[in-house]
There are 2 protein chains.
Amino acid sequence: MPGKKKDLIDLSSTLPDIWRMLTDGERDQLRGNARIIHFKKNELIYLEDETPRDLMCLFKGKVKIFKSGVGGRSQIIRIIRPVQYFGYRAYFAREPYVTAASAFESCTVCMIPMELIEQFLRNNGDLALFFIQMLSVDLGIADQRVVNLTQKHVRGRLAESLIFLKESYGLEEDGATINIYLAREDLANLSNMTTSNAIRTLSNFVNERVITIDGRKIKIIDEDRLRKISRIG
Amino acid sequence: MPGKKKDLIDLSSTLPDIWRMLTDGERDQLRGNARIIHFKKNELIYLEDETPRDLMCLFKGKVKIFKSGVGGRSQIIRIIRPVQYFGYRAYFAREPYVTAASAFESCTVCMIPMELIEQFLRNNGDLALFFIQMLSVDLGIADQRVVNLTQKHVRGRLAESLIFLKESYGLEEDGATINIYLAREDLANLSNMTTSNAIRTLSNFVNERVITIDGRKIKIIDEDRLRKISRIG
DNA sequence: ATATATTTGTGTTTTAGAACATAGTTCTAT
DNA sequence: ATAGAACTATGTTCTAAAACACAAATATAT
């Protein structure tokens, strides 16, 4: 496991959801066991087939959860933004990781041993329901994603990804540029298409004046139209 | 909501997982609130956009969970066998159903109000972890499914579905015939392909002596080869 | 700073699988 | 028992997207 530096961070403000549900004793235990780890851009956070040990909470940065499929072709399964939890599903399922995680950009992650979390939630209905709700929401998204990725055409899938990125990471100060710096290849892996198709379709969107591109910076010009392209597939 | 007849059933033997984790008082409450409902072949159990109210446990029969996508094209998301729970995800996510469920064949379903289940698991760590684990396993399957459905070719997807059906519902007495009676259209909706392609590919498998077909009855002749087709995609 | 690798962009070719057409077959309902 | 509907089968055509090929532009390492 890479990453090194240890910081002093106020967990009560950075782990808002979980912190709120704990007793004072549990909070002490948490403080004693949580570790803050930094990851550099493109550094791997965990790998497929590894044994899950920690609940991870992304404090800063952007993370992709991905999976390698037929012939090693990579598919981005979901992306994480601050402050979201990840890395816990496989532990709860009593399985090794079936996905891998890596840092899109420099990241700060809080790691909490899953044994501790499991122990907490066994006696804390609110915390249990917090995880049940997160898993339930993610499962609904995954079900929707199966349909979108298999039934929509390239244009629809790319449009959907752009909207998804905008809603996940927001816009820069200009109110139009999507606040993430992604290679065409990542955009393709997110949208289940080849890199060529991502590039080509992006160019088409530019010609249609739906977006503009400046290197990797993508500016949304006509969001309504983009949403329409996504909707009709 | 259709279905009508009420039966006397021994819940302790039909709800083994949950029953085991409850106190005597909770068991009484469960007995007082559980309803047994029958569904005829092809009858709808719940619909997309409805409000989820009950945890459902399939006692007898086969159920498909499906979703309609672009242009109303249907995709089977998962299938349920006895004794499995379903219908609870949307309630926990505080959403309306994003899928629909219908009976592949005549079914017996036990319905338990979700409020009761939520109340139980707030004070019962084992029960909470039971749901957390089910959701976690299903989410892992969904993640895997995204990759399989998008990256494998028609042959690989159909081979995978046949193996999946065999593992879900088992074989008949001859030790080869898959124990489910499915229309080609359902097989197609399960494997993300058109009905024509399911028919054609099934014929190819017959010519290659991997399976034999007799109407809707599918017999697996060469499981190793079928698995290989599924694996290489 | 310069070389090397990686990413981006575009044109061309190939192909898997959808769409369509039509006919035979099997259910299902009255 | 029979008519109509739904399902199965197969051939043909069409098209979206993958695969391939190469050039230009950026990024990265020495």
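To find a chain, count down the sequence lines: A is the first, B the second, and so on, and within it residues start at 1.
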Protein-to-nucleotide contact annotation, 5' to 3' order, nucleotides 19-30 of chain D [B base; S sugar-phosphate only; - none; under 4.0 Å, heavy atom]:
BB------S---
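- Between A:Glu172 and A:Lys219 there is no side-chain heavy-atom pair separated by less than 4.5 Å.
- Between A:His153 atom NE2 and D:dC14 atom C1' there is a gap of 13 Å when expressed in whole angstrom units.
- A donor-acceptor contact closer than 3.5 angstrom links the side chains of A:Arg73 and A:Asn192.
- A:Arg94 forms a cation-pi arrangement with A:Tyr91, by the criterion of a distance under 6.0 Å to the ring centre and an angle within 45° of the ring axis.
- The CG-P distance, from A:Leu158 to C:dT8, rounds to 13 Å in whole Å.
- Formation of a donor-acceptor pair under 3.5 Å by the A:Arg157 side chain with backbone atoms of A:Lys152 is found in this model.
- In this structure, B:Glu185 and A:Asn197 both approach DNA chain D, and ranking their closest nucleotides by distance from the 5' end singles out B:Glu185.
- Which of C:dG9, C:dG17, D:dT8 sits closest to the side chain of B:Ala183 comes down to D:dT8.
- Distance from the side chain of A:Met193 is smallest to D:dA18 among C:dA18, D:dA9, D:dA18.
- Annotation: cation-pi pair B:Lys62/B:Tyr169 present, NZ/CZ under 6.0 Å from the ring centroid and within 45° of its normal.
- Taking atom CZ of B:Arg184 as the reference point, atom C1' of D:dA6 lies 14 Å away to the nearest angstrom.
- The separation between A:Gln151 atom CD and D:dA16 atom P is 17 Å, rounded to whole Å.
- The number of heavy-atom neighbours closer than 6.0 Å to NZ of A:Lys217, taken from other residues, nucleotides and ligands shown, is above 12.
- Side-chain proximity of B:Ile199 to the nucleotides C:dA16, C:dG9, D:dT8 is greatest for D:dT8.
- Atom CZ in A:Arg157 sits roughly 13 Å away from atom P in D:dA16 (whole-Å rounding).
- As rounded to whole Å, 14 Å separates atom C1' of C:dT28 from atom NZ of B:Lys40.
- Residues A:Asn204 and A:Thr201 bring no donor and acceptor atom of their side chains to less than 3.5 Å of each other.
- Rounding to whole angstrom units, CG of residue B:Leu187 and P of D:dT8 are separated by 9 Å.
- Heavy-atom distances under 4.0 Å link DNA chain D to no residue of residues 202-214 of chain A.
- Side chains of A:Leu162 and A:Leu187 form a contact here, defined as non-hydrogen atoms less than 4.5 Å apart.
- With sequence neighbours left out, the side chain to side chain contact (heavy atoms under 4.5 Å, CB included) criterion links B:Phe164 to B:Ile79, B:Ser168, B:Leu190.
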